Amino acid sequence: MSLKVYNTFTRTKEPFETIDPGKVRMYVCGVTVYDRCHIGHARAYVAFDVIQRYLRWRGYDVTYVRNFTDVDDKIIKRSNEAGVPVSELTDKNIVAFHEDMEAIGVARADIEPRVTDHIPQIVAMVQTILQRGHAYEAGGDVYFDVTSFPGYLQLSGRKLDDMQAGAGERAGAPDATPESPAVVPIDATEPLKRHPLDFALWKAAKPGEPAWDSPWGPGRPGWHIECSAMSSQYLGEVFDLHGGGMDLIFPHHENERAQSWAATGKEFVHTWMHNGFVNVDSEKMSKSLGNFFTIKDVIARFHPESLRYFLLTTHYRSPINFTDGAVEDAENRVEYLYETVQAARALLERTPCDSNPIETEAAKERMQLAMDDDFNSAATLALVADAGRRLNDALTMKGKGIQKAEAVATALEMLDDLGAILGLCQRDPEEVLAGIRERKLARNGLDRALIEGLVADRIAARVAKDWAKADVLRAELSGMGVVLMDGPEGTRWKVA
RNA sequence: GGCGCCAUAGCCAAGCGGUAAGGCAGAGGUCUGCAAAACCUCCACCCCCGGUUCAAAUCCGGGUGGCGCCUCCA
């Protein structure tokens, strides 16, 4: 059994082999901190969080680097609009990023470097690239010369000639008008470039922009160079995994690859991994369509773990369609799992018992089989469903105290093992269940005090064996979307 | 115009040559004062047409229909 990973570069699933035995060095492109994170970011970082967790479970010594890009055009624009210093804006968004990620169970990376803390390394790399003849200076800018790298566009599988042909075609796109062409001619904004695909390694500062001294005058890094510089600093010139969203394949990763090659003469990444996009109601998520959701907004309406569960229901490379209904479904599953875990823990507290190692080992092997197949979280979720069912099955076993406790302990351990990899079922059941209930009440515009009053009335009716009245109250609550569960230890209720 | 991805039950979604995981919904059942929850059972031959093979949802060719990237973007 071996781990297989899909490599964007070779377009195939390959047996995973590390450069150094037992060690994985991975770099995932982090966020540009000009705004709050959206659910697309959630998908990417949940995907790589699971990958990182699984690699560690597999016994690899993982070094995970995920950067913050804290200087770029959008940040400068946003800071000017808001009238706040760049550093204030970026600091604030980094804090927000950590809040969002913590909420959805994404662990911090081992190293989270900021671009502005690595300007000397970036300048040094640009110098090296210039010295090796793969870049040129023009008016305080430094551009990468794409024609100097024979392997350019190999990652994205394009051809230089096609790219140029495409640019002309796109300029005539339907939404273009003479006043505002769909595509700004590249030469208009960066007239000093020799080739349209050449890209800036270093940008001369315009008045009022953040700037650092350099051999080419005051300026700042271009978009792609930071990842080449920081990855090599923390992971070495060559490392195992490099990930990010599909959209980064071109130009970002293509350009990173070119720069790193130009600086070292080496292919710097062994395996390229890219996650698919989040669509909203089957359309691409975008601010102009009004279907743009931040993580913060979504987790106010749905429990953060529901979002995480939802994101794991589809393989990380496929597109996933975000709809309220899909997240609600996920939330119901999360609720089911935590109710089950809660009951199991209560039972094991009364009757402590060890699990059956033969069965838990077999379960681990099934998990490994699923996850070894390019981190197939959707297939792994089928195992979660199986563990949940086994657990409930054991919980409802009649008699046989010890036998029952062992069955419960065994199934609970299976669920725990799976949850540890997927980042599910790791929280306090009470809190999660309460969090889900509050959100469901809010979504349905229900008043908790009112419901609790009706539930109390019904309990009284049942005690008096006034079944007719009890049923009327049940119907009333049912009409509100509240379901009642009468059990030996009382009546519980929840929002459907 | 170039490059690429996808098409599996009412819905979502695994599957990567050996005879269709899982979830939701639905039907029946156990349990229950009635219910709910939970559990059990049932529920598809994989967009179309050719081809390769003993064997194809899975490979190849051709259609049809979605989508993405080529521009800031996870």
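Proteins come first, then strands; the chains are lettered A, B, ... in the order of their sequence lines, and each starts at number 1. Predicted model only: the values in this text are computed from it and were never measured.
Counting non-hydrogen atoms under 4.0 angstrom, A:Gly40 reaches a base of the nucleic acid. No engagement by A:Val28 is indicated, since no non-hydrogen atom pair under 4.0 Å with the nucleic acid exists. Residue-level contact check: A:Leu248 touches the backbone only, with heavy atoms under 4.0 Å from sugar-phosphate atoms and none from bases. Looking at heavy-atom distances under 4.0 Å, A:Gly276 makes contact with a base.
On the C1' atoms, B:C59 is 8 Å away from B:G17, given to the nearest whole Å. With both ends at atom P, the span from B:C40 to B:C31 equals 16 Å, rounded to whole Å. Rounded to whole Å, the P atom of B:A57 lies 13 Å from the corresponding atom of B:C49. Nucleotides B:C24 and B:C39, compared at atom P, are 9 Å apart to the nearest Å. Taking atom C1' in both B:C5 and B:G10, one finds a spacing of 26 Å when rounded to whole Å. Rounded to a whole angstrom, the distance from the P atom of B:G51 to that of B:C69 is 38 Å. Comparing the P positions of B:A9 and B:G22 gives a spacing of 16 Å, expressed to the nearest Å. Only the P atoms considered, B:U58 is 26 Å distant from B:G68, to the nearest whole Å.
In this pair, A:His242 and A:Tyr27 present their aromatic rings tilted. The plane angle is within the 30 to 60° band. Using bins of under 30°, 30° to 60° and over 60° for the plane-to-plane angle, the ring pair A:His253/A:Trp272 lands in the tilted bin.
In this view, A:Ile111 and A:Thr63, A:Val65, A:Pro113, A:Tyr234 satisfy the side-chain contact (heavy atoms from CB on, under 4.5 Å) rule, not counting sequence neighbours. Looking at residues two or more places apart in sequence or on another chain, you find a side-chain contact (heavy atoms from CB on, under 4.5 Å) between A:Ser228 and A:Met125, A:Glu256, A:Gln259, A:Ser260. Evaluation of the side-chain hydrogen bond (donor to acceptor under 3.5 Å, both in side chains) rule for A:Thr90 yields A:Arg114 as partners, not counting sequence neighbours.
A cation-pi arrangement, defined by a distance under 6.0 Å to the six-membered ring centre and an angle within 45 degrees of its axis, is present between A:Lys74 and A:Tyr34. A:Trp493 carries A:Arg437 over the face of its six-membered ring, with the cationic atom under 6.0 Å from the centre and within 45° of the normal.
Here A:Met367 contributes atom CE and A:Asn376 contributes atom CG; the two are 13.5 Å apart, rounded to the nearest 0.5 Å.
Along RNA chain B, the nucleotide nearest to A:Arg462 and the one nearest to A:Asn275 differ in position, and the one closer to the 5' end is contacted by A:Arg462.
Taking 4.5 Å as the limit, some side-chain heavy atom of A:Asp372 sits within range of a side-chain heavy atom of A:Tyr54. At a threshold of 4.5 Å between non-hydrogen side-chain atoms, the residues A:Met273 and A:Tyr6 do not count as touching.
When the C1' atom of B:G2 is taken as reference, atom CZ of A:Phe250 falls 12 Å away, rounded to whole Å. Summarising the geometry, the separation between NZ on A:Lys465 and P on B:G33 is reported as 9 Å, rounded to the nearest angstrom. Spacing between atom CD1 of A:Ile249 and atom C1' of B:U71 amounts to 16 Å, rounded to whole angstrom units. Between the C1' atom of B:G23 and the CG atom of A:Leu312 lies a distance of 14 Å, rounded to the nearest Å. Counting to the nearest Å, the P atom of B:G22 and the CG atom of A:Asp329 are 17 Å from each other. We find that CG of A:Asp247 is positioned 13 Å from P of B:G68, with the value rounded to whole Å. In this structure, the CG atom of A:Leu381 is 13 Å from the P atom of B:G22, given to the nearest Å. Straight-line distance from the NZ atom of A:Lys4 to the P atom of B:C16: 11 Å, rounded to whole Å.
The aromatic ring of A:Tyr45 does not sit over the base of B:A74; the criterion of centres under 5.5 Å apart with planes under 30° is not met.
When Watson-Crick and G-U wobble pairs are counted only if both distances are under 3.5 Å, B:G28 pairs with B:C40. Under the Watson-Crick and G-U wobble criteria, each requiring two contacts below 3.5 Å, nucleotide B:G18 is paired to B:C54. The pairing partner recorded for B:C34 is none, the criterion being a Watson-Crick or G-U wobble arrangement whose two distances lie under 3.5 angstrom. With a cut-off of 3.5 Å on both pairing distances, the Watson-Crick or G-U wobble partner of B:C5 is B:G66. Across all strands shown, B:G61 pairs with B:C49; the Watson-Crick or G-U wobble distances both stay below 3.5 Å.
A donor-acceptor contact under 3.5 Å links the side chain of A:Asp486 to the base of B:C34. Judged by atom type and distance alone, A:Arg458 reaches the base of B:G33 through a side-chain donor-acceptor pair under 3.5 Å. Judged by distance alone, with hydrogens and angles left aside, A:Arg474 brings a side-chain donor or acceptor within reach of the base of B:A35, the pair sitting under 3.5 Å. Not a single donor-acceptor pair, N or O on each side, falls under 3.5 Å between the base of B:G23 and the side chain of A:Asn332.
Side-chain N/O atoms of A:Lys284 include one lying less than 4.0 angstrom from OP1 or OP2 on B:C69.
Ring to ring, A:Phe144 and A:Phe149 are not that close: their centroids are 6.0 angstrom or more apart.
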(request) Produce a footprint string for nucleotides 4-15 of chain B: one letter per nucleotide, 5' end first; B if the base is under 4.0 Å from any protein heavy atom, S if only the sugar-phosphate is, - if neither. (result) ---------SSS
For residues 466-477 of chain A, which side-chain N or O atoms pair as donor and acceptor with protein atoms under 3.5 Å away, sequence neighbours left out?
unit_1	atom_1	unit_2	atom_2	d
A:Asp466	OD1	A:Lys469	N	3.2
A:Arg474	NH2	A:Asp486	OD2	3.4

Please produce a list of atom pairs where a protein N or O lies less than 3.5 Å from an N or O of nucleotides 37-39 of chain B.
unit_1	atom_1	unit_2	atom_2	d
B:A38	O3'	A:Asn392	ND2	3.3
B:C39	OP1	A:Tyr336	OH	2.6

